[in-house]
Trainee: 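Could you have a look at this structure, given as structure tokens, before my questions?
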Amino acid sequence: MKKPVKKSSRENIYSLTGFGKVFSFTLKQTLKNKSFIVVAIVMILMMGMMKPFMYLMTKSGENAKQRTEASLDNVEADKLTIYNETQFVFDQAMEIVPGTNDRPSGAVKNENIKFLNIDEGNEDDLIAALGPKDILVIIRGESAGYKVNGIIADKSDITVKSLDRATDYVQERFEKNRQAQMKLDQQTIQSISSGVSTGSVLSENEYKDEQNYTMSAPEYNGLVIGFSIIVMIVASLAASYIIASVNEEKQSKLAESLLVSVRPMALLMGKVISMLCFVAATIVLGVSCAFISEMIMEKAMHLDLSKIGQGGINFAIFTSYGVKGLVVQIAEILLALCSFGVLSGILGSACAKVEDQQNATTTVTMITMIGYFGAVMLGLKPDYGMISALVPPISFFSAPAAYLGGRVGLEIMLLSFAIQIVILVAIVILAAKTYRNLLLSDSSKPKLASIFAAAKY
């Protein structure tokens, strides 16, 4: 006769019994939480209104630039004399002074503006003839270029502001017309003024690698910064939600009731996954709003968005590098979400009171900031591309950019994923061993030492 096999009295710490129950319960409670909903709505609106806001800021900047461009409208003077001592000969009516005389009261009028080329006057005589409401602007040629000086009489009624505006106006008009006489087009001018970059000192192999990069340095820098900002926002948002939710249930003693019928691992993962789904839905809705607002601005309002560039959060990085780019970036975001999410769950369960929640959030934020600034500081340098792709937490923020930008190969990208998965598994194992003890603990602070100590029991 066979003896019945006795069930082990030891609890399986990895059991997910009750996961579905906790997942649905947490999601419902989250959707009922007004503070969570308000934060989510604000985040969605911020993401959706980013393009319109950037467009308005750009237009505002353009208007401000137009208002501050050199002009004679605010030059309060009775007479303005411009003396050109250079070899460039200009015609007053066509090239230096605009045709309009419609200026505010007090501003210098066209009939009181006198333009003299080098053979039409004498500098000393012009200075001696200055009256209390007169301005003299002299354009000189020097060995290093050209210089524009504004001069007023010793006992002048002219304000410094008017003198500066007159000088700036003449300098701007002189430069434009000088370039025109030299027959320089805009592309040539931009090429000359852009300067030369000496770059960095590279070895032979590094130089060859740089030539094989799949994107230019500016484009790569934009990808690194854009992706790292998105991961930082997603990780921070998920961490704050999860820590607040776990701590709230611990303070209300609801967690203790759930532990009777639900395994600790199921309780943690159900809560973490449900909150991650909530965060993911917030991000998806925000991105959708951003694309919709951009489409309305371009298609319905026919606005030119080319000038606003890709500043701020650049969601175009998900569609700019094909299916490969989308898969790699989404996979990295999911890994970052899960890793920071489970860690946040552990830290949240270590809180003994509501005040401890700030300490737990600060810990996750600090790790996030290390990853973000590490990505920005190291990820942008060719010499540190492999380090930024393999060393966590930096790799969570920069590995996909390093791969898509040609700084590292596919094997390094896969190795980076493998390292991150190992870290995630280690965090999950730590959670399985500590979650119950931490939930029932009255530890005063969510210190990492107390978390590792809980894993021994």
Side-chain angles (χ1 to χ4, degrees), residues 56-186 188-195 307:
L56 291 175
M57 290 294 291
T58 303
K59 294 298 292 183
S60 176
E62 288 179 354
N63 293 336
K65 182 179 179 182
Q66 289 174 0
R67 288 194 297 270
T68 57
E69 277 181 351
S71 169
L72 295 178
D73 291 350
N74 295 317
V75 176
E76 297 181 356
D78 289 343
K79 188 169 75 171
L80 171 63
T81 303
I82 304 168
Y83 184 46
N84 174 28
E85 293 185 350
T86 72
Q87 72 273 25
F88 294 99
V89 178
F90 299 105
D91 176 76
Q92 172 178 351
M94 298 297 294
E95 296 168 337
I96 296 296
V97 182
T100 178
N101 200 23
D102 185 19
R103 297 201 186 97
S105 176
V108 62
K109 302 301 180 184
N110 270 22
E111 59 265 24
N112 296 325
I113 300 175
K114 189 174 183 181
F115 187 88
L116 302 171
N117 284 301
I118 190 167
D119 56 349
E120 298 174 332
N122 178 273
E123 182 179 311
D124 294 333
D125 294 340
L126 293 172
I127 294 175
L130 282 171
K133 295 282 288 183
D134 298 345
I135 297 176
L136 170 64
V137 179
I138 300 177
I139 309 170
R140 290 190 179 91
E142 296 187 339
S143 58
Y146 298 90
K147 190 172 184 178
V148 179
N149 292 115
I151 304 171
I152 54 177
D154 291 335
K155 296 180 179 180
S156 177
D157 297 331
I158 301 294
T159 63
V160 175
K161 189 173 290 187
S162 286
L163 180 62
D164 288 342
R165 285 171 175 163
T167 307
D168 290 343
Y169 171 81
V170 174
Q171 179 176 346
E172 182 182 283
R173 297 289 297 181
F174 170 74
E175 188 61 24
K176 287 183 178 178
N177 287 282
R178 182 176 71 89
Q179 291 169 356
Q181 284 199 25
M182 295 172 68
K183 294 182 170 53
L184 297 178
D185 56 29
Q186 192 60 37
T188 304
I189 295 170
Q190 187 174 359
S191 177
I192 294 172
S193 61
S194 63
K307 293 183 179 180

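Residues: numbered from 1 along the sequence shown.
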Trainee: According to salt bridge (charged side-chain N to carboxylate O under 4.0 Å, His left out), does anything in residues 145-155 pair up with another residue at least two apart or in another chain? List the pairs.
Mentor: none

Trainee: About how many Å separate OH of Y146 and CD1 of I139, when rounded to the nearest 0.5 Å?
Mentor: 10.5 Å

Trainee: In a table with atom names and distances, give each donor-acceptor pair under 3.5 Å that connects a side chain of residues 123-137 to protein atoms at least two apart or in another chain.
Mentor:
| residue | atom | partner | partner atom | Å |
| --- | --- | --- | --- | --- |
| E123 | OE1 | R140 | NH2 | 3.4 |
| E123 | OE2 | R140 | NH2 | 2.9 |
| D134 | OD2 | G131 | N | 2.7 |

Trainee: Might you point out which heavy atoms bring T167 and G150 nearest each other, and give the distance in Å?
Mentor: OG1-CA, 3.5 Å

Trainee: What is the distance from atom CD of E120 to atom OH of Y83, rounded to the nearest 0.5 Å?
Mentor: 9.0 Å

Trainee: Taking atom CG of N84 and atom CZ of F174, what is their separation to the nearest 0.5 Å?
Mentor: 6.0 Å

Trainee: Is the shortest heavy-atom distance from the side chain of N112 to the side chain of N110 under 4.5 Å?
Mentor: no

Trainee: Could you tell me the separation between the CD1 atom of I113 and the OH atom of Y169, rounded to the nearest 0.5 Å?
Mentor: 6.5 Å

Trainee: For a 4.5 angstrom cut-off between non-hydrogen side-chain atoms, does V108 reach E76?
Mentor: no

Trainee: Looking at every non-hydrogen atom in both residues, tell me the closest pair between I158 and S156 and how far apart they are.
Mentor: N-OG, 3.0 Å

Trainee: To the nearest 0.5 Å, what is the distance between CG on D157 and OG on S162?
Mentor: 11.0 Å

Trainee: Indicate yes or no: at least one non-hydrogen side-chain atom of L116 is less than 4.5 angstrom from one of T81.
Mentor: yes

Trainee: Any side-chain heavy atom of R173 sitting closer than 4.5 Å to one from V170?
Mentor: no

